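Have a look at the structure below, then the notes.
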Amino acid sequence: MSRWNDLTGGTSGEDYAARFAALARSGKDVHGEARFCAALVPPGARVLDAGCGTGRVAIRLAELGYDCVGVDLDASMLAVARRRAPRLPWFQADLAEFEPEALGVAADFDLVVVAGNVLQLVADGTVATVVARLAAGLRPGGLLVSGFGLDEAHLPVPPGLTLRQHDDHCAAAGLTLVDHFATWDADPYDGGGYVVGVHRR
């Protein structure tokens with residue numbers, strides 16, 4: 001069972017969507033992740049939104065011309081995504097068991113984005129497997145983009161993954177570090193409590 005399910009009971013889709021809708025109405029930018037990814041690969045690129053939740057990132061990227069696929073374990077989140085963008089492919093799957101071909105999806109993504117603290121919220125002991133599975137879905141030269149908190153100020157649960165561990169998992173999966181950033185606005189990473197890592201296959 002994932003740490004996310006322990007936290008929410010797998011029933012938080014509508015509440016999660018409502019929170020971001022309220023942020024958007026208040027004028028907050030809720031598309032930083034999509035903008036960050038769009039700066040890395042051109043429109044038309046294949047993008048996997050891993051741990052897609054309600055589909056916020058994938059839907060925005062699809063609007064910008066990207067070929068997007070979303071996968072998440074939480075059925076309540078996927079229900080929102082499917083309602084909002086019924087023509088996009090949404091799959092329910094555990095990222096630790098993710099096999100694109102088994103879902104009828106080609107394993108040649110140009111970019112895999114793992115936003116929303118997903119790597120801190122998978123089941124204990126599965127991060128290395130999740131990273132390896134996602135890396136295997138990339139084409140040669142493809143990018144894995146991971147954003148997550150590193151301390152309790154940036155997480156809804158106690159941190160279970162350090163930046164060093166994350167980078168080691170990426171290296172073990174055959175990925176090379178491109179850079180670390182402090183925000184989805186690509187601010188330089190300064191050792192703070194949130195990081196966006198970019199690794200290349």
Side-chain angles (χ1 to χ4, degrees), residues 2 4 8 12-95 98 100 103 105 109-122 130-131 133-135 137-138 142-149 154-156 166 178-187 194-199:
S2 70
W4 171 257
T8 67
S12 63
E14 294 295 342
D15 290 342
Y16 190 88
R19 179 160 64 89
F20 275 93
L23 287 171
R25 287 193 301 271
S26 73
K28 299 287 187 183
D29 176 19
V30 296
H31 295 304
E33 300 98 329
R35 186 172 57 250
F36 183 96
C37 293
L40 296 175
V41 291
R46 297 192 69 239
V47 176
L48 172 67
D49 187 355
C52 63
T54 59
R56 178 174 52 88
V57 178
I59 291 170
R60 179 58 178 162
L61 284 170
E63 291 170 349
L64 295 173
Y66 292 84
D67 180 7
C68 296
V69 174
V71 60
D72 202 284
L73 185 60
D74 187 327
S76 73
M77 303 283 268
L78 286 171
V80 176
R82 288 173 175 139
R83 186 177 71 244
R84 289 182 165 180
R87 295 185 179 180
L88 290 183
W90 306 106
F91 296 99
Q92 185 175 8
D94 186 333
L95 294 180
F98 177 62
L103 301 175
V105 177
F109 290 98
D110 298 291
L111 185 146
V112 173
V113 57
V114 198
N117 287 317
V118 167
L119 291 180
Q120 292 281 17
L121 293 166
V122 297
V130 168
V131 170
R133 294 277 186 171
L134 297 180
L138 288 167
L143 299 171
L144 176 68
V145 178
S146 310
F148 54 95
H154 294 85
L155 289 167
H166 171 261
V178 175
D179 210 344
H180 294 134
F181 300 92
T183 68
W184 291 103
D185 290 323
D187 295 319
Y194 191 86
V195 67
V196 179
V198 180
H199 290 76

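Fair warning: this is a prediction, and the values are worked out from it, not measured in the lab. The residues of the chain are indexed from 1 along the displayed sequence.
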Practice problem: Before giving the answer on side-chain contact (heavy atoms from CB on, under 4.5 Å), spell out for Leu144 and Val131 the whole-Å C-alpha distance, their side-chain angles and the decisive distance to 0.1 Å. | Solution: CA-CA 9 Å; Leu144 176 68; Val131 170; 4.3 Å; yes
Practice problem: Show your reasoning for whether ring-ring contact (aromatic ring centres under 6.0 Å, His included) applies to Phe148 and His166. | Solution: CA-CA 10 Å; Phe148 54 95; His166 171 261; 5.0 Å; yes
So, taking the atom named [atom1] in [X] and the one named [atom2] in [Y], what distance separates them when rounded to the nearest 0.5 Å?
X      : Y      : atom1 : atom2 : answer
Leu95  : Leu121 : CG    : CG    : 11.0 Å
Met77  : Gln92  : CE    : CD    : 12.5 Å
Leu40  : Asp110 : CG    : CG    : 11.5 Å
Leu138 : Phe109 : CG    : CZ    : 9.0 Å

Answer yes or no: is there a side-chain heavy-atom contact under 4.5 Å between [X] and [Y]?
X      : Y      : answer
Tyr194 : Asn117 : yes
Ile59  : Leu88  : yes
Leu64  : Pro43  : no

Identify the two heavy atoms, one from [X] and one from [Y], that lie closest to each other, and give their separation to 0.1 Å.
X      : Y      : value
Trp184 : Ala115 : CZ2-CB, 3.8 Å
Ala34  : Arg60  : CB-CG, 3.6 Å
Leu78  : Trp90  : CD2-CB, 4.1 Å
Gly149 : Gln120 : O-NE2, 2.8 Å

Practice problem: Could I get the full list of salt bridge (charged side-chain N to carboxylate O under 4.0 Å, His left out) partners for Asp185, not counting sequence neighbours? | Solution: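 Counting only residues at least two positions away or on another chain, Asp185 forms a salt bridge (charged side-chain N to carboxylate O under 4.0 Å, His left out) with Arg35.
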Quiz item: salt bridge (charged side-chain N to carboxylate O under 4.0 Å, His left out) with Asp67: which residues, sequence neighbours excluded?
Solution: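 With sequence neighbours excluded, Asp67 shows a salt bridge (charged side-chain N to carboxylate O under 4.0 Å, His left out) to Arg46, given in chain and number order.
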Exercise. Quick one: list whatever passes ring-ring contact (aromatic ring centres under 6.0 Å, His included) with Tyr66, sequence neighbours left out.
Key: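 Tyr66: no ring-ring contact (aromatic ring centres under 6.0 Å, His included) contacts found.
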Quiz prompt | Reference residue Leu134; test side chain to side chain contact (heavy atoms under 4.5 Å, CB included); the match among Val118, Val71, Leu48 | solution =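 Testing Leu134 for a side chain to side chain contact (heavy atoms under 4.5 Å, CB included) against Val118, Val71, Leu48 leaves exactly one candidate, Leu48.
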Quiz prompt | The single option from Thr183, Val113, Val145 passing side chain to side chain contact (heavy atoms under 4.5 Å, CB included) against Val196 | solution =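 The residue from Thr183, Val113, Val145 that satisfies side chain to side chain contact (heavy atoms under 4.5 Å, CB included) with Val196 turns out to be Val145.
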Quiz item: Quick one: do Arg56 and Glu33 make a salt bridge, cutoff under 4.0 Å?
Solution: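 Salt bridge flag = yes for Glu33 with Arg56.
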Quiz item: Quick check: does any side chain N or O of Asp72 sit under 3.5 Å from a backbone N or O of Cys52, one acting as donor and the other as acceptor?
Solution: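 Side chain of Asp72 to backbone of Cys52, a donor-acceptor pair under 3.5 Å: yes, one is there.
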Quiz item: Does any N or O in the side chain of Asp187 come within less than 3.5 Å of the main-chain N or O of Ala182, such that one atom is a donor and the other an acceptor?
Solution: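 Answer holds: no.
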Practice problem: Walk me through it: do Phe36 and Phe181 pass the test ring-ring contact (aromatic ring centres under 6.0 Å, His included)? | Solution: CA-CA 11 Å; Phe36 183 96; Phe181 300 92; 5.5 Å; yes
Quiz prompt | Worked check of side-chain contact (heavy atoms from CB on, under 4.5 Å) between Cys68 and Asp49 | solution = CA-CA 7 Å; Cys68 296; Asp49 187 355; over 6 Å; no
Practice problem: Give the intermediate values and the outcome of side-chain contact (heavy atoms from CB on, under 4.5 Å) for residues Val130 and Leu119. | Solution: CA-CA 8 Å; Val130 168; Leu119 291 180; 3.9 Å; yes
Quiz item: Under the side-chain contact (heavy atoms from CB on, under 4.5 Å) criterion, do His199 and Val178 qualify, and how do the steps go?
Solution: CA-CA 5 Å; His199 290 76; Val178 175; 5.7 Å; no
